There are 2 protein chains.
Amino acid sequence: MFSKSCEYGLRAAIFIAQQSKLKNKVSLSTISEEINSPQAFTAKILQQLTRNNIIKSIKGPYGGFMVEEEKMSTQLSEIVNVLDGDSIFTGCGLGLKQCDASAPCPLHFEFVEIRERLKKMLENTTLISITDELNIESTILKP
Amino acid sequence: MFSKSCEYGLRAAIFIAQQSKLKNKVSLSTISEEINSPQAFTAKILQQLTRNNIIKSIKGPYGGFMVEEEKMSTQLSEIVNVLDGDSIFTGCGLGLKQCDASAPCPLHFEFVEIRERLKKMLENTTLISITDELNIESTILKP
DNA sequence: TTTAAAAAGGATAAAAAGGTCTTTTAATCT
DNA sequence: AGATTAAAAGACCTTTTTATCCTTTTTAAA
């Protein structure tokens with residue numbers, strides 16, 4: 001479904017958001033431990049999220065990563081878009097370049113519904129909505 | 001969503017089924033032209049489908065590929081399973097190895113619904129059901 | 001102002017996915 | 001039987017994804 005980068009990126013963003021809510025900055029090493037991801041690779045992904053202004057990074061002692069207040073409303077679909085592009089939301093299930101209602105592949109109409117549902121779900125889920133739930137339910141971020 | 005192999009494999013299987021309904025066998029070169037896929041790579045995929053007894057191959061002059069009558073009821077989910085495995089139907093959206101109702105990732109419950117819907121759709125769609133529609137509607141198999 | 005902590009950036013490596021080419025096997029037709 | 005046609009099989013190549021390592025830059029604290 002998603003690339004490894006995207007899976008790690010989503011888990012990292014959720015973890016950082018969770019900690020930011022508690023006013024904590026978190027270091028790369030903490031993040032990769034908590035979400036169980038390869039550290040150096042995770043660093044690259046966090047750089048992408050930082051460049052795209054989804055998370056904030058602070059260098060130096062007592063530095064780390066955080067999600068700023070106003071970025072807590074970031075939709076998960078934005079993170080997916082940054083890391084995997086939008087093909088999951090718009091691409092044809094059978095890989096056709098031109099597939100739409102006027103020239104549909106055999107799966108087109110049913111696929112659109114599933115794609116749309118996934119999209120809606122990831123748009124309706126934000127860092128703040130997830131971290132709110134994380135405290136209530138017993139959800140997890142590592143295997 | 002699916003790998004290239006799976007996209008080509010689904011398109012190929014649908015095209016072969018379509019032709020089998022008209023009592024035609026089709027050669028590799030015809031298939032790769034009609035579904036617009038790389039020929040040698042498509043050959044590998046067709047081998048997998050043949051080994052898994054989804055399509056039948058016949059060597060020699062007037063040979064080619066076909067879908068036997070009783071295999072026309074093959075579900076698309078079986079083809080996906082052969083070519084991509086079942087992770088799309090069962091895997092966690094965030095890539096966690098152990099993610100279920102008792103220890104869910106933050107997206108688990110909404111993800112399950114989408115996964116299930118995709119699965120049901122691909123189970124309910126068979127080679128025969130698709131080829132029936134292909135004649136009626138103006139669906140396409142190449143870009 | 002030196003030290004140390006932490007992210008950024010660049011080069012490189014390993015693994016997987018995507019794709020090609022050549023030889024072998026099987027079927028058909030003179 | 002021999003020639004020809006077509007898929008099977010296996011070796012090989014290329015690109016992308018996943019991942020690591022090392023150096024540089026930034027910055028807080030002693």
Side-chain angles (χ1 to χ4, degrees), chain A residues 1-13 16 19-20 24-33 35-68 80 82-85 87-88 94-95, chain B residues 1-13 15-16 19-20 24-33 35-68 80 82-85 87-88 91 94-95:
Chain A
M1 183 73 82
F2 302 129
S3 68
K4 284 282 168 198
S5 292
C6 192
E7 290 175 356
Y8 297 150
L10 287 167
R11 273 147 65 191
I16 298 166
Q19 293 300 312
S20 289
N24 297 334
K25 270 168 291 184
V26 278
S27 69
L28 171 62
S29 63
T30 302
I31 295 168
S32 65
E33 275 166 33
I35 69 171
N36 198 45
S37 65
Q39 183 168 325
F41 189 50
T42 305
K44 297 296 178 194
I45 297 161
L46 295 178
Q47 278 174 39
Q48 288 186 71
L49 295 180
T50 303
R51 278 192 228 108
N52 282 275
N53 201 30
I54 287 169
I55 61 179
K56 191 185 177 189
S57 74
I58 296 153
K59 287 185 180 179
Y62 297 84
F65 295 90
M66 58 176 293
V67 175
E68 289 175 303
V80 171
V82 163
L83 298 172
D84 275 2
S87 66
I88 192 93
L94 299 185
Chain B
M1 182 73 82
F2 302 129
S3 69
K4 283 285 169 198
S5 293
C6 192
E7 290 175 354
Y8 297 149
L10 287 168
R11 273 149 61 190
F15 174 70
I16 298 166
Q19 293 300 311
S20 290
N24 299 333
K25 272 168 289 184
V26 278
S27 69
L28 170 62
S29 62
T30 302
I31 296 168
S32 65
E33 276 167 31
I35 69 171
N36 198 43
S37 66
Q39 183 167 324
F41 189 48
T42 305
K44 294 296 177 195
I45 297 161
L46 295 178
Q47 278 175 39
Q48 288 186 71
L49 295 180
T50 303
R51 277 193 228 105
N52 282 275
N53 202 30
I54 287 169
I55 61 179
K56 191 184 177 191
S57 72
I58 296 154
K59 287 183 182 179
Y62 298 86
F65 296 89
M66 56 175 295
V67 177
E68 288 176 304
V80 170
V82 163
L83 298 172
D84 276 1
S87 66
I88 192 93
L94 299 185

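Quick note on labels: first sequence line is chain A, next is B, and so on, each numbered from 1. On a predicted model such as this, the values are computed, not experimentally measured, just so you know. Side chains are part of it too, since the values below use all heavy atoms of this structure and drop only hydrogens, waters and symmetry mates.
The distance from atom CG of A:D84 to atom C1' of D:dT17 is 11 Å, rounded to the nearest whole Å. Whole-Å rounding puts the A:F2 CZ to D:dT18 P distance at 13 Å. Straight-line distance from the CG atom of B:N53 to the P atom of D:dA8: 13 Å, rounded to whole Å. Remark: P of C:dA17 and CG of B:L83 are 13 Å apart, rounded to the nearest angstrom. In this structure, the NZ atom of A:K56 is 14 Å from the P atom of C:dA7, given to the nearest Å. Distance CZ (A:F65) to P (C:dA5): 17 Å, rounded to an integer number of Å. For B:Q48 and C:dA17, the CD to P distance is 12 Å, given to the nearest whole Å.
Counting any heavy atom pair closer than 4.0 Å across all strands shown, B:S29 reaches no nucleic acid atom.
Between B:R51 and the phosphate of D:dA9, there is a side-chain N or O to OP1/OP2 separation shorter than 4.0 Å. Contact between the side-chain N/O atoms of A:S57 and the OP1/OP2 oxygens of C:dA8 is found at a separation under 4.0 Å.
Taking the side chain to side chain contact (heavy atoms under 4.5 Å, CB included) definition, one finds that A:S87 meets it with nothing, sequence neighbours left out. Looking at residues two or more places apart in sequence or on another chain, you find a side-chain hydrogen bond (donor to acceptor under 3.5 Å, both in side chains) between A:S29 and A:S27. Residues that satisfy the side-chain hydrogen bond (donor to acceptor under 3.5 Å, both in side chains) test with B:S32, not counting sequence neighbours, are absent from this structure.
The stretch residues 35-56 of chain B participates, sequence neighbours left out, in these ring pair (Phe, Tyr, Trp, His ring centres under 6.0 Å) pairs: B:Y8-B:F41.
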Taking only distance into account, with no hydrogens and no angle test, what donor-acceptor pairs under 3.5 Å do side-chain atoms of residues 51-60 of chain A form with protein atoms, sequence neighbours excluded?
from, atom 1, to, atom 2, distance (Å)
A:R51, NH2, A:Q47, OE1, 3.4
A:N52, ND2, A:Q48, O, 2.8

Legend entry - Nucleic acid footprint by protein, nucleotides 19-30 of chain C - heavy-atom cut-off 4.0 Å, B for base, S for sugar-phosphate alone: BB----BBBBS-
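Here the side chain of A:T50 is nearest to one of C:dA8, C:dA7, D:dA8, namely C:dA8.
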